[in-house]
Amino acid sequence: MNYNKKSVKDAEVKGKKVLLRCDFNVPLSKETGEITSDKRIVASLPTIEYLLKNGAKVIACSHLGKPKGEFKKDLSLEPVAKRLTELLKMPVAFSHDVAGEESVMLANGLKDGELLLLENLRFDPGEEKNDTELAKKLAALGEIYVSDAFGTVHRAHASTAGIAAYLPAYAGFLVEKELAIMGGALDDPKRPFVAVLGGAKVSDKIGVLTNLIDKADTLIIGGGMAYTFLKALGKNIGKSLLEEDKVVLAGEVMQKAKDKNVKFLLPVDVAIGDRFAADCEKKIVDVDSIPDDWMGLDIGTKTISIFAEAIQGAGTIVWNGPMGVFEFPAFADGTKSMAKSMADSGAVTIIGGGDSAAAAEQMGFADRITHISTGGGASLEFLEGRELPGIACLLDK
Ligand code: ADP
Ligand code: MG
C-alpha cells in the first residue's frame, strides 16, 4: 500500500469547485435530534478553511447514520450546515438533494470562498453500492475531489472511491495526517518499534497481528485475547475469554515471533473477577494460579511494570485494544497505565481502534499521544496493511 499521496496543498484550488468528502457522521440525541458532539465537524475545519481562504468554491458532502438508501428526516445533514455556519461565522448553503438539480444549481452559483453542504449521501441508494451514475453526478458538481473522511476510506463507496475515476483526487489534512503518521510508522518506523495489542478477541485482530509481527521489534499482548495465548502455553485460564479455535494460531504466532527474534510479552499476572460484573470480587494472581471459576479481566501489577519497562526507550509505539475491561473501574488500571506509559515514553505514539482511543481520551492522556486515529474500522484495516480503496484512489505523489 502506497501511503505517499498528493495533498490538498498540491492542488491548484483557486476559483475551482472542490468536492470535499467530510466525515460529518456526528452523534445525535435520540430525543431532540440535536448534535451531541461536534468534534468531527470541528476536526474538518482546517481543510475547509484552507480551501475557502485559497479561493475555492467548496461543495462538502458526508454520510450520517444508516438511512439505507432513502430519505430519513432525522438523519438530514441540515443541522450540520447550521453548526458549520456558527463555527465558520459565515453563511453555508444547504442542498436538499444529494447530486440532483438543486445541488447542481447551488454548486454553479457558488462564488470563490463560499461553501455548500449536500444532503446525506446515503439517502441515495447508489452511494454504498459505489454506483457509477452517482459517482459521475457527484464528480460533475466539482472540478477537484478532496477526501478528508478517514473513517470511511476502507469502504469503496461512490463518494469515497468511485468519484476519483472522474476527478483529480487529493487528501485533505485529516487524511494526510493519518497517512503521514500511521503510514510512516508501518513503512519506516523509528525503532525499536513496539506493538501493543489487546481488546476482546484474537479473531478481530488476526490481520493486525500478522502484519505487525513482520514489522515490530516487540509485541505486547494484553486484554481478553491474551488468554487464548496463555491457553496455548498450557495454562489454566479458568473462565477467562477463550477462543478455542484460535489456540493453534496463537501458538503459531508465538513461534513466528521466536523465529523472527521479535520480543513477545504476555501477562505474568492478571486481575481476576468471580463473575463478569463491575462489582464482582477482585484478586490479583499469577497466570499459573487462575482458579477454575474466575476470569481474567485486566493485566496484573507485575505485568503493568513489565509492559511499562518494555515501552521505555521505544522509538515508535502502536497500540490497538484495551488491556482489560476498562469499562469496569476496578479493571481499568492496565489500560490506564498503558496510556500513561505511552504518554510518558517520548516515542512516536499511535492509538488505533475505537475503544482504545475512547479509553485514552476518557483517561485524559489524549493530548500527550502523537496520533489517535479517528477511523475505528479504517484504522484497524490500515494496521492490517490492507489496501484501502479510499486511499488507493488518490493521486500518488
Ligand atoms: P478496539 O476498539 O480498541 O479495537 P476491541 O474492540 O478489540 O478494541 O476491544 C475492546 C473491548 O475488549 C472492551 O470492550 C473491553 O471490555 C474488552 N476486553 C478487554 N479485556 C478483556 C478481558 N480480559 N475480558 C473480556 N473483555 C475484555
Ligand atoms: Mg472496538
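When a ligand or atom number is given, it counts from 1 through the structure's own listing order. Just so you know, these numbers come straight off a predicted model, no measurement behind them.
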With a 4.0 Å cut-off on heavy atoms, is K205 in contact with ligand 1?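 For ligand 1, residue contact (heavy atoms, under 4.0 Å) with K205 is present.
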F328 heavy atom under 4.0 Å from ligand 1: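 It does not, in that no heavy atom of F328 comes within the 4.0 Å cut-off of ligand 1.
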Among K57, K16, K53, the one residue meeting salt bridge (charged side-chain N to carboxylate O under 4.0 Å, His left out) with D112: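 Result: among K57, K16, K53, K57 is the only option passing the salt bridge (charged side-chain N to carboxylate O under 4.0 Å, His left out) with D112.
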Could you pull out, from V202, V325, N320, the option with a heavy atom nearest to atom 25 (C) of ligand 1? V325
Identify which of G223, G324, G334 has a heavy atom lying nearest to atom 18 (N) of ligand 1. G324
Quick check: [X] and ligand 1, any N/O pair under 3.5 Å apart?
X    : result
F326 : no
M323 : no
D204 : no
G224 : yes
D355 : yes
D298 : no

Under 3.5 Å: donor-acceptor pair, side chain of [X], backbone of [Y]:
X    : Y    : result
D292 : G238 : no
E114 : K111 : yes
D124 : G126 : yes

Is the distance from the ring center of F229 to that of F264 below 6.0 Å?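 Yes.
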Y50 and F173: aromatic ring centres closer than 6.0 Å? yes
Go through the steps for S95 and L116 under the test side chain to side chain contact (heavy atoms under 4.5 Å, CB included), then give the verdict. CA-CA 7 Å; S95 169; L116 162 69; 4.1 Å; yes
Rounded to the nearest 0.5 Å, how far does CZ of F94 lie from CG of L84? 11.0 Å
Metal proximity, D355 vs the Mg ion (ligand 2), N/O/S cut-off 2.8 Å: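 Yes, since at least one N, O or S atom of D355 sits under 2.8 Å from the Mg ion (ligand 2).
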Numbered atoms of ligand 1 (with element) below 4.0 Å of G321, judged on heavy atoms: 3 (O), 8 (O)
